[in-house]
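Just below is one structure, and these are the notes that go with it.
These numbers were taken from a predicted model, which means no experiment stands behind them. In what follows, chains are A, B, ... by sequence order, proteins preceding strands, each numbered from 1.
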There are 2 protein chains.
Amino acid sequence: MKNLPAPAVVDFGRLRVACSSCSLRELCLPAGLEAREMEKIDRLVNQRRRVRKGEHLYRAGAPLAALYAIRSGFMKSCVLYEDGREQVAGFHMMGDLLGMDAIGGGRHMSDTVALEDCEVCEIPFPVLQRLSREVPSLQHQLHRVMSREIVRDYGVMLLLGSMKAEERLAAFLLNLSQRFSARGYSPTEFNLRMTRQEIGSYLGLKLETVSRSFSAFQEQKLIKVRQRHVCILDLAGLRAMLGPPR
Amino acid sequence: MKNLPAPAVVDFGRLRVACSSCSLRELCLPAGLEAREMEKIDRLVNQRRRVRKGEHLYRAGAPLAALYAIRSGFMKSCVLYEDGREQVAGFHMMGDLLGMDAIGGGRHMSDTVALEDCEVCEIPFPVLQRLSREVPSLQHQLHRVMSREIVRDYGVMLLLGSMKAEERLAAFLLNLSQRFSARGYSPTEFNLRMTRQEIGSYLGLKLETVSRSFSAFQEQKLIKVRQRHVCILDLAGLRAMLGPPR
DNA sequence: CGCGTCCCTTGATATAGGTCAAATTGAGGA
DNA sequence: TCCTCAATTTGACCTATATCAAGGGACGCG
């Protein structure tokens with residue numbers, strides 16, 4: 001939550017940002033827009049913001065000011081009880097759009113925290129509303145993104161409601177793999193940005209169980225893990241963990 | 001929950017339907033619109049549709065044609081695996097808007113089935129898109145509804161990820177109570193429309209566990225259950241089940 | 001370079017909830 | 001009215017995962 005320490009060279013806040021020249025435009029909110037429409041969209045993002053590891057992008061209860069698109073870095077969102085229990089509701093990476101939980105009530109309903117230094121594009125919500133009226137395909141795109149979030153949540157329910165520990169972890173790894181792949185990174189080798197505890201919270205398991213499942217997969221030669229570094233050795237085998245075992 | 005006194009003869013498909021005169025307008029999509037705007041909205045719903053108990057409103061894979069608002073009756077949505085496992089993702093009652101999972105990919109991602117005879121308003125999606133461009137507060141309302149669905153899903157994740165059996169059931173009953181209450185029904189006495197199995201699927205439990213938890217609550221004088229009929233005797237006590245026990 | 005802290009792994013044990021089985025109840029149909 | 005079938009309840013037992021506990025890296029800081 002601190003300000004920039006010493007605007008090293010570039011002041012991101014002032015930097016002119018344009019979706020039309022962003023390398024993530026095919027993954028992010030403007031995906032699928034035509035060049036003509038993209039121009040109008042460039043007014044959408046008024047500034048970038050840095051979020052340092054451990055800092056909050058927003059907290060539950062904070063009024064909705066903007067939605068955020070991740071430019072770089074990794075984040076988690078959590079929902080909390082009154083009594084302090086915390087449940088990780090999702091992990092987010094570049095191209096993901098955050099903050100949609102706040103549209104309904106005008107206040108954020110989750111905490112979103114950077115798991116490593118991040119850079120996000122700030123999209124003032126009123127601007128987004130106005131522009132999406134003017135640019136029908138932006139409107140449609142926004143609806144698509146929200147809808148996909150709903151579908152993603154259904155997937156998590158399925159996972160939490162009917163899968164057992166190792167299935168959950170396999171699904172988690174495959175999901176990460178697929179998302180890294182879609183962003184041009186290796187689908188089989190990556191670094192986890194979250195702790196075993198955070199993975200466990202997301203999967204509805206204790207950290208020990210997560211750790212044991214990792215070890216079991218390694219035993220079966222499905223993956224190779226060392227701390228946060230994961231290598232998927234047998235993608236098909238990992239997929240097979242999901243279906244058959246009733 | 002009953003129909004109007006005399007509709008025995010009316011063909012619902014042909015019936016002129018108007019949100020502005022609907023008794024659910026404050027709960028449903030048009031909530032909060034002004035009279036002036038409400039008029040435009042009346043074009044939104046082109047017909048009503050009956051769905052008999054056990055029939056599908058839509059199936060996973062079906063192309064998105066319309067969103068649906070429940071006029072009366074009770075439904076469930078399920079997501080399925082390849083291998084046939086099924087997870088109930090939600091229960092829906094009058095005023096709820098269904099089908100938003102299909103906006104992202106153009107196809108429904110869940111099965112929605114009537115748990116009793118239902119009546120729904122069909123809202124052709126293209127019409128909704130066009131009107132929400134013309135009527136900003138409808139646009140906003142649509143965003144609100146989608147956002148609230150996301151928040152609801154977060155709540156289910158919390159439930160599935162970090163609560164134990166009796167807490168889950170308590171949360172489930174309190175949620176129903178609150179929704180019935182918001183619709184003008186008794187918050188403390190109602191009939192469940194779903195089986196123990198369906199409750200179990202939704203809560204990530206087996207039907208036997210659901211049954212035992214019901215019995216335990218009854219033992220503690222928190223509720224009275226007889227089959228599908230539930231009486232909540234101690235609302236505060238039920239709420240207390242959620243917080244304290246670590 | 002050494003220390004402290006956090007994270008991860010692994011083992012031993014406990015338990016919540018799953019599984020299997022049987023009896024009871026209730027609703028709808030013949 | 002009786003019959004059948006599905007839903008529910010309850011008991012006994014078992015298993016997956018939680019819990020408790022101990023030890024071993026890795027990393028940042030002094």
| Nearest nucleotide by nearest heavy atom, which residue falls closer to the 5' end of DNA chain D, Glu208(A) or Ser215(B)? | Ser215(B)

| request: Establish, with yes or no, whether the OP1 or OP2 oxygen of dC8(C) is under 4.0 angstrom from a side-chain nitrogen or oxygen of Arg228(A). | output: yes

| Distance, rounded to the nearest Å, where Gln227(A) contributes CD and dC7(C) contributes P | 11 Å

| d(CG, Leu160(A); P, dG17(C)) in whole Å | 15 Å

| Would you say a side-chain N or O of Lys164(B) is under 4.0 Å from OP1 or OP2 of dG17(C)? | no

| Exercise: do Gln87(A) and Ser162(B) side chains pair donor with acceptor under 3.5 Å | yes

| Donor-acceptor under 3.5 Å (Glu116(B) side chain, Arg193(B) main chain) | no

| request: Specify the separation, in whole Å, of atom CD1 of Ile199(B) and atom P of dT8(D). | output: 7 Å

| Presence of Arg212(A) side-chain N/O under 4.0 Å of dG11(C) phosphate oxygens OP1/OP2 | no

| said: Over all strands shown, is Gly204(B) touching base, sugar-phosphate only, or nothing at heavy-atom distances under 4.0 angstrom? | reply: sugar-phosphate

| field | Length of the line joining Leu207(B):CG and dA21(C):P, which is rounded to integer Å | value | 15 Å

| query | Which class fits the ring pair Phe74(A) and Phe91(A): parallel under 30°, tilted 30 to 60°, perpendicular over 60°? | reply | tilted

| field | Axial cation check for Phe180(A) ring with Arg183(A), 6.0 Å and 45° limits | value | no

| Taking NZ from Lys206(B) and C1' from dA7(D), how many angstroms apart are they, rounded to a whole number? | 16 Å

| message | Using whole Å, what does the distance between atom P of nucleotide dA7(D) and atom CD of Glu198(B) come to? | response | 8 Å

| query | According to a strict under-4.0 Å criterion, is Ser211(A) in side-chain N/O contact with OP1 or OP2 of dC8(C)? | reply | no

| Pairwise 5' ranking along DNA chain D for Arg226(A) and Thr209(A), keeping only the more 5' one | Thr209(A)

| query | To the nearest angstrom, how far is Leu205(B) atom CG from dA16(C) atom P? | reply | 14 Å

| query | NZ of Lys53(B) versus P of dG28(C): gap in Å, rounded? | reply | 7 Å

| task | Please indicate whether Glu86(A) has more than 12 foreign heavy atoms, meaning atoms of other residues, nucleotides or ligands, lying under 6.0 Å from its CD. | result | yes

